[in-house]
Amino acid sequence: MNAEKLSKRLMAVASYIPHGSRVADIGSDHAYLPCYAVKKGIAAFAVAGEVADGPYDSAVSQVRKEGLQEKIAVRKGDGLQAVHSGEVDTITIAGMGGALIARILEEGKAKLDNVKRLVLQPNVGASAVREWLITNEWELVSEQILTEDGKIYEILIAERGEPKRPYTETNMEAEKLFGPFLLKEKNEAFRSKWRAEYDNWGRILEQLSLAESNSETAEKRKEIEWKRAIAKEALSCEKSERL
Ligand SMILES: C[S@@+](CC[C@H](N)C(=O)[O-])C[C@H]1O[C@@H](n2cnc3c(N)ncnc32)[C@H](O)[C@@H]1O
């Protein structure tokens with residue numbers, strides 16, 4: 001991959017960056033996304049933020065190689081510490097777990113004042129991101145799920161607004177897990193993801209049945225059984241045990 005030709009996943013993330021925006025990409029290994037966004041004229045200015053030495057060095061050399069130092073500031077820092085207050089209107093965070101993305105947003109809240117759009121691509125645990133958005137008054141405005149090289153990725157796009165708008169009162173917990181837009185669409189990537197999760201949860205339940213029973217395992221069991229039940233309903237395949 002290079003900044004000319006991004007992966008399908010990062011191209012999808014880039015497609016949600018508004019034209020002319022000032023964007024910060026947090027966790028920007030190689031700075032591929034900011035380089036692409038600036039070169040294509042999507043972003044007017046970008047920050048590539050990285051916490052780790054290796055990826056930070058790769059980002060610095062990539063930006064130098066592309067001659068984009070005037071328009072991309074590569075900075076080392078944990079999460080939004082790499083961003084100065086008020087300098088960006090869009091933030092992308094891709095390729096990390098949902099819990100980490102939620103932590104970065106939570107700890108960097110003070111830097112979000114001028115930010116209008118968040119484009120978030122959790123590799124796992126997207127529900128933690130949806131939960132954070134709801135608690136912090138960000139409205140999920142769109143979602144995408146896609147497959148690349150046998151892996152399935154979700155992209156969540158949020159703006160300031162009415163955080164509960166995309167959710168229905170009676171099905172909110174399930175929608176937080178599956179994604180309210182993705183659950184409506186139920187495309188093939190969605191179905192593959194939740195079929196695999198359903199099978200995986202079944203294996204975990206089998207293991208739990210062999211483990212010593214205590215309040216912790218009972219709680220875990222209950223949670224997985226609930227998730228399996230709603231996944232089964234979402235995939236509308238009540239008749240067979242295997243979806
Ligand atoms: C798997 S890579 C993803 C790189 C790129 N965003 C992508 O989607 O292809 C995750 C990157 O996030 C960085 N990272 C992890 N935690 C971070 C944090 N708290 N702040 C900034 N960067 C972080 C890691 O060092 C790593 O380079």
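Both counts, for ligands and for their atoms, begin at 1 and track the order of listing.
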Side-chain ion pair, Glu87 and Arg75, N-O less than 4.0 Å = yes
Going by heavy atoms, is Arg103 under 4.0 Å from ligand 1?
-> yes
Classify the angle between the aromatic ring planes of Trp194 and Phe178 as parallel (below 30°), tilted (30 to 60°) or perpendicular (above 60°).
-> perpendicular
With heavy atoms of Met96 as the reference, note each atom of ligand 1 found under 4.0 Å away.
-> 12 (O), 14 (N), 23 (C)
Hey, is Gly54 one of the residues with a heavy atom under 4.0 angstrom from ligand 1?
-> no
What part of Leu100 sits under 4.0 Å from ligand 1 if we count only heavy atoms: the side chain, the backbone, both or neither?
-> side chain
How would you list, by chain and number, every residue that makes a side chain to side chain contact (heavy atoms under 4.5 Å, CB included) with Ala48, sequence neighbours excluded?
-> Ser28, Ala31, Pro34, Ile72, Val74
Between Asn171 and Thr168, is any side-chain donor less than 3.5 angstrom from a side-chain acceptor?
-> no
Under-4.0 Å heavy-atom contact with ligand 1, by part of Ala94 that carries it = both
Mind checking whether Leu33 contacts ligand 1 via backbone (N, CA, C, O), side chain (CB onward), both or neither, at a 4.0 Å heavy-atom cut-off?
-> neither
Enumerate the atoms of ligand 1 whose separation from the nearest heavy atom of Ala52 is less than 4.0 angstrom.
-> 25 (O)
Can you sort out which atoms of ligand 1 are near Ile104, meaning under 4.0 Å from one of its heavy atoms?
-> 18 (C), 19 (N)
Who gets closest to atom 20 (N) of ligand 1 by heavy atom: Gly95, Gly79, Gly97?
-> Gly79
Residues 139-147, side-chain donor-acceptor partners within the protein, below 3.5 Å, at least two apart:
from: Glu139; atom 1: OE1; to: Glu162; atom 2: N; distance (Å): 2.8
from: Glu139; atom 1: OE1; to: Arg165; atom 2: NE; distance (Å): 3.2
from: Glu139; atom 1: OE1; to: Arg165; atom 2: NH2; distance (Å): 3.1
from: Glu139; atom 1: OE2; to: Arg165; atom 2: NE; distance (Å): 2.9
from: Glu143; atom 1: OE1; to: Phe181; atom 2: N; distance (Å): 2.8
from: Glu143; atom 1: OE1; to: Leu182; atom 2: N; distance (Å): 3.2
from: Glu143; atom 1: OE2; to: Arg130; atom 2: NE; distance (Å): 2.8
from: Glu143; atom 1: OE2; to: Arg130; atom 2: NH2; distance (Å): 3.0
from: Gln144; atom 1: OE1; to: Tyr16; atom 2: OH; distance (Å): 2.7

With heavy atoms and a 4.0 Å threshold, my read on which part of Leu10 contacts ligand 1 is side chain
Backbone N or O of Ile104 within a donor-acceptor pair of the Glu107 side chain at under 3.5 Å?
-> no
Closest non-hydrogen atom pair, Leu33 against Ala14 | CD1-CB, 3.7 Å
So do Gln121 and Ile93 actually touch side chain to side chain, heavy atoms under 4.5 Å?
-> no
Return the option from Asp29, Val51, Ile93 holding the heavy atom at the smallest distance from atom 21 (C) of ligand 1.
-> Val51
Does Arg9 come within less than 4.0 Å of ligand 1, judged by its heavy atoms?
-> yes
For Val115 and Arg160, which heavy atoms make the closest approach, and how far apart are they?
-> O-NE, 3.5 Å
So between Gly27, Ser58, Ala31, whose heavy atom ends up nearest atom 5 (C) of ligand 1?
-> Gly27
Where on His30 is there a heavy atom closer than 4.0 Å to ligand 1, on the side chain, on the backbone, on both, or on neither?
-> neither
In terms of atom number and element, which parts of ligand 1 are under 4.0 angstrom from non-hydrogen atoms of Asp78?
-> 18 (C), 19 (N), 20 (N)
